[in-house]
Amino acid sequence: MSKYKSTFVQTLIARGYLHQCTDIDALDARAAAGPITAYVGYDATADSLHIGNLVSIMMLHWLQQTGHRPIVLMGGGTTKVGDPSGKDETRQMLTDEKIAANIASIRQTFDSFVRFGDGATDAIQVNNAEWLDALEYIPLLREIGRHFSINRMLTFDSVKLRLDREQPLTFLEFNYMILQAYDFVELARRHDCMLQMGGSDQWGNIINGIELGRRVAGKELLGLTTPLITTASGAKMGKTAEGAVWLKGEKFAPYDYWQFWRNTEDADVGRFLRLFTDLPLDEIARLEALEGAEINDAKKILANTATRILHGVAATERAAETAQQTFEVGVTAEGLPTTDLPRAEIEAGIALFALLTRAGLAASNSEARRLIKGGGARINDVAINAETHAVGPEAINPEGVIKLSAGKKRHALIRPV
């Protein structure tokens with residue numbers, strides 16, 4: 001039996017979200033006493049979040065499910081500065097119009113995980129440009145800057161990483177941690193927000209906000225972080241040959257998303273079911289106890305549930321049907337990722353390595369060559385070992401497409417147009 005009284009803290013611990021907390025007992029007491037408000041911040045550097053953001057998004061989901069109010073803080077202001085945490089290089093500067101477009105696009109993702117509205121526990125989306133754009137520089141330095149020690153700021157990992165690698169850290173980026181701390185104070189003042197959540201790389205920034213809240217507003221704020229998610233083999237979560245696993249269907253198709261979860265390592269199934277689905281814990285315990293070939297059933301449930309939450313029931317059913325047709329029946333399925341290619345290129349003959357790259361099954365031509373050389377490339381389910389093999393019109397199958405495969409689990413179609 002848990003020593004914690006609040007359902008929120010019990011859920012965080014039972015499902016594996018908790019890494020660090022500034023005062024877990026205080027958080028538990030306040031969450032048990034009534035609804036609390038908590039936030040996670042997201043900069044709008046792209047028009048979609050990616051799977052690295054999914055743990056914190058799921059925390060906002062469970063915050064609401066256990067009776068509390070989530071705030072989705074969009075960094076309309078901080079995106080103009082750039083968070084140096086975990087970055088070796090300065091981010092590209094985006095226009096105000098591009099940032100606004102990215103925020104509008106990202107909002108659609110959150111609609112899949114939390115309920116927005118005007119109720120006591122309904123989520124709200126806030127843009128920190130509301131207060132950061134209006135700040136006057138000298139008053140900010142006088143009111144806020146005096147509470148930050150340069151000596152201490154230099155010890156934070158986000159700064160040390162750049163300096164140790166002799167990579168430039170601009171003065172603009174150096175101010176990011178001040179602005180993020182100020183965000184916490186503003187949210188506490190405006191929305192009675194008392195908890196900031198984020199990844200483990202945000203611990204220093206969260207601590208800054210807590211200390212600033214105490215000094216300038218007399219607020220007792222709290223913070224918690226999630227663990228860095230790696231696979232059982234030690235790889236960073238969410239890295240594929242195609243690049244990032246985006247949460248926007250136009251950037252990463254629902255079928256690919258489904259297949260990403262279906263390809264989970266056996267040892268990760270239980271952990272990922274707890275973190276990335278809303279299945280009950282007793283059902284997850286049953287699924288992760290499966291052994292042998294039955295573990296594949298658990299992986300399909302993981303894929304179905306995770307895809308349903310993000311992309312909905314219809315897209316999930318199409319993805320599962322496509323996978324069944326492709327892997328179990330052995331036919332070409334319409335739902336596979338498809339790349340249109342001018343028929344003239346195919347008639348002239350195109351190198352297989354180039355085609356694999358065009359189809360997104362390899363990140364580069366050199367990677368595609370290695371795939372072919374290693375025996376992992378197939379055309380219409382026939383292995384091809386020649387790196388310079390030319391794909392011509394004879395490869396177009398009866399369905400009018402060319403099916404490419406990278407290994408046993410990744411497939412794509414080339415459609416002549």
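Just the heavy atoms: all of them, side chains too, but no hydrogens, waters or symmetry mates, feed the values below.
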Taking salt bridge (charged side-chain N to carboxylate O under 4.0 Å, His left out) as the cut-off, I'd like each qualifying pair that reaches into residues 357-366, sequence neighbours left out, listed once. Glu345-Arg358
Separation between CD of Glu394 and CD1 of Ile402, rounded to the nearest 0.5 Å: 8.0 Å
Looking at Leu12, Thr11, Asp28, Leu27, which one forms a side-chain contact (heavy atoms from CB on, under 4.5 Å) with Ser6? Asp28
Suppose we screen for side-chain hydrogen bond (donor to acceptor under 3.5 Å, both in side chains). Which residues come up paired with Arg378, at least two apart in sequence or across chains? none
Look at the side chain of His191 and the backbone N and O of Cys193, then say whether any donor-acceptor pair between them is shorter than 3.5 Å. no
Judged by modelled atom types alone, do Trp131 and Asp183 share a side-chain donor-acceptor pair under 3.5 Å? yes
Carefully, step by step, assess Arg190 and Glu130 under the rule salt bridge (Lys or Arg N to Asp or Glu O under 4.0 Å). CA-CA 11 Å; Arg190 294 171 181 237; Glu130 291 178 23; 3.6 Å; yes
Do Thr225 and His19 have side-chain atoms, one donor and one acceptor, less than 3.5 Å apart? no
Aromatic ring proximity Tyr39/Phe184, centre distance under 6.0 Å: yes
Can any side-chain N or O of Ser405 pair as donor or acceptor with the backbone N or O of Gly407 at less than 3.5 Å? no
Under the side-chain hydrogen bond (donor to acceptor under 3.5 Å, both in side chains) test, residues paired with Thr37 that sit two or more places apart: Arg69
Between the main-chain N or O of Leu222 and the side-chain N or O of Gln196, is there a donor-acceptor pair closer than 3.5 Å? no
Taking atom types as modelled and ignoring hydrogens, do the side chains of Gln202 and Gln180 form a donor-acceptor contact shorter than 3.5 angstrom? yes
Between the main-chain N or O of Gly223 and the side-chain N or O of Thr22, is there a donor-acceptor pair closer than 3.5 Å? yes
With side chain to side chain contact (heavy atoms under 4.5 Å, CB included) as the test, would you mind laying out the steps for Arg370 and Lys373 before giving the verdict? CA-CA 5 Å; Arg370 289 194 295 271; Lys373 192 174 181 179; 5.6 Å; no
Can you name the residues that form a salt bridge (charged side-chain N to carboxylate O under 4.0 Å, His left out) with Asp278, not counting sequence neighbours? Arg308
For a quick check under 3.5 Å, do Ser105 and Lys248 share a side-chain donor-acceptor pair by atom type? yes
side-chain hydrogen bond (donor to acceptor under 3.5 Å, both in side chains) with Asp122: which residues, sequence neighbours excluded? Arg115
Phe113 vs Leu60, test: side chain to side chain contact (heavy atoms under 4.5 Å, CB included). Steps then yes/no. CA-CA 8 Å; Phe113 294 90; Leu60 291 174; over 6 Å; no
Before you tell me yes or no, could you show the steps for Glu321 and Arg318 under salt bridge (Lys or Arg N to Asp or Glu O under 4.0 Å), namely the whole-Å CA-CA distance, both residues' side-chain angles and the distance that decides it to 0.1 Å? CA-CA 5 Å; Glu321 175 66 18; Arg318 286 194 299 270; over 6 Å; no
State whether a side-chain donor-acceptor pair under 3.5 Å links Thr307 with Tyr255. no
Would you give the length of the straight line joining atom CE of Met177 to atom CD1 of Ile206, rounded to the nearest 0.5 angstrom? 13.5 Å
Asn53: side-chain hydrogen bond (donor to acceptor under 3.5 Å, both in side chains) partners, not counting sequence neighbours: none
Taking the cut-offs as 6.0 angstrom to the six-membered ring centre and 45 degrees off its axis, would you call Arg107 and Phe116 a cation-pi pair? yes
For Trp261 and Phe276, take the angle between the two ring planes, folded into 0 to 90°, and tell me which bin it lands in: parallel under 30, tilted 30 to 60, perpendicular over 60. tilted
Just by distance, with hydrogens left out, do Ser200 and Gln20 show a side-chain donor and acceptor under 3.5 Å apart? no
Does the side chain to side chain contact (heavy atoms under 4.5 Å, CB included) test come out yes or no for Glu220 and Arg30, once each step is laid out? CA-CA 11 Å; Glu220 291 300 321; Arg30 292 171 74 169; 4.3 Å; yes
Establish, yes or no, whether a centroid distance under 6.0 Å links the rings of Phe252 and Phe260. no
Verify whether one side chain among Thr78 and Asn128 offers a donor that lies under 3.5 Å from an acceptor in the other. yes
